[in-house]
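Here's the structure, in structure tokens; my notes come after.
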Protein chains: 2
Amino acid sequence: MQIGSKFTIGVHIITAIDYFREMDRVNSEFLAGSIGINPVIVRTVISQLREAGLVRTQRGSSGGELTKGLDEITLYDIYKAVGSVDEEEGLFHFHEQPNPECPVGRNIHTVLDRRLIDAQRAMEEKLRQTTLADIVKDTKEAVEKESK
Amino acid sequence: MQIGSKFTIGVHIITAIDYFREMDRVNSEFLAGSIGINPVIVRTVISQLREAGLVRTQRGSSGGELTKGLDEITLYDIYKAVGSVDEEEGLFHFHEQPNPECPVGRNIHTVLDRRLIDAQRAMEEKLRQTTLADIVKDTKEAVEKESK
DNA sequence: CAAAGTTGTAATATAGTATATTACAACTAT
DNA sequence: ATAGTTGTAATATACTATATTACAACTTTG
């Protein structure tokens with residue numbers, strides 16, 4: 001099981017919006033071309049980024065812009081914005097009907113849950129430690145290296 | 001997206017095998033009853049636990065036993081055993097066709113990957129920190145509390 | 001040894017979800 | 001006014017998790 005690609009798509013989108021800031025025509029079609037997916041998916045993900053307050057876009061008007069500095073946007077913000085993991089359900093799918101008549105069955109959930117949440121949090125904490133400034137910086141450096 | 005329930009099922013199985021060690025007839029049907037799933041799923045998961053060297057079972061002969069001490073089995077061992085996350089693919093699904101003709105497209109993968117792997121590892125590291133001895137101990141304590 | 005019970009596994013079904021695609025109204029820019 | 005763009009709904013497709021049926025191989029029991 002994997003966390004859906006909307007997360008990396010979201011990162012790609014924000015990176016590209018900044019990277020191609022000077023250019024015009026950075027519309028959903030252009031982004032879709034860079035990412036290698038359908039433009040509608042781009043617009044869907046951008047909608048989620050907008051709802052999360054990360055980008056501004058306008059119906060009819062091409063392109064969009066970031067509402068915050070790159071260093072104020074973390075991977076976690078995007079992960080959350082696109083709903084990579086359902087808030088209610090969590091990262092780990094627990095079997096749903098442990099038997100309440102069994103001592104193990106009626107306690108395993110409580111016993112395990114704390115640990116599963118901890119593990120999920122540790123992953124999310126790592127995502128908080130990288131900002132989009134890091135990503136754009138590394139991307140530019142990688143592009144620099146190419147021309148040598 | 002969620003990590004499949006085979007993981008928590010695996011934890012439940014090992015916990016129950018130990019918890020009901022004294023009893024006989026801890027077969028796949030009994031376990032299925034405790035977990036609330038189909039016995040075939042139990043046998044499938046047990047097969048994976050066996051292949052990972054965590055339990056011993058025998059065709060035709062009811063029940064099974066652990067091959068290690070509970071304190072030598074971590075949540076991570078079970079997570080790995082049941083293949084919660086594909087080794088090749090990783091936890092995060094990356095969009096598969098970023099455009100190599102775009103500077104962002106051809107570098108985003110390399111730039112992001114390291115961070116995604118780090119995040120996944122942090123989660124897995126947490127899973128390594130809990131042993132099945134912890135789980136069984138907590139379960140027994142929870143059962144104790146019930147009778148008060 | 002025969003009968004009953006159990007495991008291991010294959011084959012198939014079903015349901016849920018990610019992603020793709022079509023379509024179009026609402027809006028902007030020219 | 002015309003062309004281009006976004007936002008979003010509706011639908012299709014493919015993939016995966018889980019459930020279920022079936023049965024051969026094997027063990028245990030009487």
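Letters go in sequence order (proteins before strands), and every chain restarts at 1.
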- Task: State, to 0.1 Å, how close B:D138 and A:R115 come at their nearest heavy-atom pair, and which atoms those are.
- Result: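 Shortest heavy-atom separation between B:D138 and A:R115 comes out as OD2-NH1, 2.7 Å.
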- Query: Any idea which heavy atoms bring A:L49 and A:A81 closest together, and the distance?
  - Reply: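 Result for this residue pair: CD2-CB, 4.0 Å.
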Please determine whether a side-chain nitrogen or oxygen atom of [X] lies at a distance below 4.0 Å from atom OP1 or OP2 of [N].
X     : N     : result
B:S28 : C:dT7 : yes
A:T44 : D:dT8 : no
B:R50 : C:dG8 : yes

- Query: With the sugar-phosphate defined as primed atoms, P, OP1 and OP2, and the base as all remaining atoms, what B/S/- string results for nucleotides 20-27 of chain D, 5' to 3', for protein heavy atoms under 4.0 Å?
  - Reply: BBB-BBBS
Atom [atom1] of [X] and atom [atom2] of [N]: how far apart are they, to the nearest Å?
X     : N      : atom1 : atom2 : result
A:L31 : D:dT5  : CG    : C1'   : 13 Å
A:N27 : C:dT28 : CG    : C1'   : 13 Å
B:F7  : D:dA17 : CZ    : P     : 15 Å
A:E29 : D:dA3  : CD    : P     : 17 Å
B:Q48 : D:dT18 : CD    : C1'   : 13 Å
A:E96 : D:dA19 : CD    : P     : 9 Å
B:Q2  : C:dG16 : CD    : P     : 14 Å
B:R56 : C:dT7  : CZ    : P     : 16 Å

- Of B:H93 and B:I46, the one whose closest DNA chain C nucleotide lies more 5':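 Result of the comparison: B:I46.
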- Of all pairs that satisfy ring pair (Phe, Tyr, Trp, His ring centres under 6.0 Å), the ones with a partner from residues 99-139 of chain A, not counting sequence neighbours: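 Output for this query lists A:F94-A:H109.
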- Message: Can you confirm if the NZ or CZ of A:R128 lies within 45° of the ring axis of A:Y76 and under 6.0 Å from the centre of its six-membered ring?
- Response: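 Yes, A:R128 and A:Y76 form such a contact.
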- Message: B:D18: which residues meet the salt bridge (Lys or Arg N to Asp or Glu O under 4.0 Å) condition with it, sequence neighbours left out?
- Response: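 Partners of B:D18 under the salt bridge (Lys or Arg N to Asp or Glu O under 4.0 Å) test: B:R21.
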- Message: Check B:D77 with B:K68, please: is the shortest side-chain N to carboxylate O separation under 4.0 Å?
- Response: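 No.
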- Any Lys/Arg nitrogen of A:R114 or B:D134 sitting under 4.0 Å from an Asp/Glu carboxylate oxygen of the other?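 Answer for the salt bridge query: no.
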- So what does A:G63 touch, heavy atoms closer than 4.0 Å: a base, only the sugar-phosphate, or nothing?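 If one applies the 4.0 Å heavy-atom cut-off, A:G63 turns out to touch the sugar-phosphate alone, with no base involved.
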